[in-house]
Structure formats: C-alpha cells, structure tokens
Amino acid sequence: MNFNLHISDEDYVRITAGKKRVAGSLQRVDGDTFIFHPWQETDRRKRSKVLRTKHASCRICDDTIALSLRIKRAQAPNACNIIFDETDQAVEFITSNT
C-alpha cells in the first residue's frame, strides 16, 4: 500500500534528527493522503505527587490539585464513611506536600 504523508518541516527535522520517537496522530484527507499532527510535548521533569488509597487517588501538580473517588455500588451503604476517611487522608497528604 502506498500513501502520501503531509508533515511540517519542523516535525520532519525532529523525527529524522532525533533518536526519540515523536508521538502524534494521522488525519485522513483522501483515500491515500494523511496529515501528521504531533501531540503536545510535556516536560517530563515536572512530576506530580500522587497518593493512592483503596478508593481514592489524589494528585498534586504545579498548578492543580485533584482528588478522585471511586466507590462500588455494593459499598453504597458505607459510602459516606469511605468518602470522609479517604478525604481526610487526602487532606493530610496535600497539607504535608504543599
């Protein structure tokens, strides 16, 4: 199969000059023509701090703090207690890491 790939000069230089892969997506224009769109690069040195408990995940980044809770329906009668306990642990984690 032959196809045409449209890619910007800047992305072509990055792909051919570097030893690392360039992640991205392909947009189909015609039956055999595609356009490459690189994904936005993130600074891998900026690591977030994460606390994972049985039902929660708390993430502290440079600009955001996120708390996510997942409780199964079978545990619904105890959901309030679980939410309070997991939130208390997240509060302690956030206070000690900010």
Side-chain angles (χ1 to χ4, degrees):
M1 174 180 178
N2 293 326
F3 62 90
N4 297 318
L5 179 63
H6 296 270
I7 187 167
S8 71
D9 293 337
E10 179 183 314
D11 294 329
Y12 178 77
V13 170
R14 278 183 33 212
I15 291 171
T16 57
K19 295 181 181 178
K20 295 182 179 180
R21 298 180 186 178
V22 177
S25 61
L26 293 175
Q27 174 189 359
R28 186 175 184 182
V29 179
D30 288 341
D32 64 345
T33 305
F34 295 87
I35 299 174
F36 177 73
H37 298 283
W39 291 335
Q40 191 175 36
E41 292 183 4
T42 58
D43 188 0
R44 301 229 179 233
R45 292 175 295 169
K46 294 181 183 176
R47 297 288 180 189
S48 57
K49 296 179 183 178
V50 179
L51 168 71
R52 288 190 175 92
T53 62
K54 185 174 181 180
H55 301 95
S57 174
C58 181
R59 181 178 305 271
I60 301 174
C61 300
D62 292 337
D63 53 349
T64 58
I65 296 174
L67 173 62
S68 170
L69 291 164
R70 289 180 187 88
I71 302 170
K72 295 181 180 179
R73 287 274 186 186
Q75 297 173 326
N78 298 327
C80 289
N81 294 334
I82 293 170
I83 290 171
F84 288 133
D85 293 341
E86 302 283 332
T87 305
D88 288 342
Q89 292 178 22
V91 168
E92 291 175 14
F93 175 72
I94 292 168
T95 333
S96 64
N97 288 294
T98 54

Please tabulate, for side-chain N and O atoms in residues 65-72, each donor-acceptor pair with protein atoms closer than 3.5 Å (sequence neighbours left out).
unit_1	atom_1	unit_2	atom_2	d
S68	OG	R70	NH1	3.4

Next on the checklist: Any heavy-atom pair between the side chains of N2 and D32 that's under 4.5 Å?
Outcome noted: no

d(D85 CG, H55 NE2) to nearest 0.5 Å is 10.0 Å

For R52, the side chain to side chain contact (heavy atoms under 4.5 Å, CB included) test, sequence neighbours excluded, returns V50, S57, R59

Connected to F3, directly or through other members, by ILVMFWY side-chain contacts below 4.5 Å are L5, I7, Y12, I15, V22, L26, F34, F36

Of all heavy-atom pairs linking A74 and P77, the shortest is O-CD, 3.8 Å

* To do: Please check if atom CG in N81 has more than 12 non-hydrogen atoms from other residues, nucleotides or ligands closer than 6.0 Å.
  => yes

For T33, the side-chain hydrogen bond (donor to acceptor under 3.5 Å, both in side chains) test, sequence neighbours excluded, returns none

By side-chain hydrogen bond (donor to acceptor under 3.5 Å, both in side chains), D11 pairs with (sequence neighbours left out) S8, R14

In residues 87-98, what donor-acceptor pairs under 3.5 Å come from side-chain atoms, sequence neighbours left out?
unit_1	atom_1	unit_2	atom_2	d
T87	OG1	I83	O	2.6
T95	OG1	V91	O	2.3
S96	OG	E92	O	3.1
S96	OG	F93	O	3.0
N97	ND2	F93	O	2.8
T98	OG1	I94	O	2.8

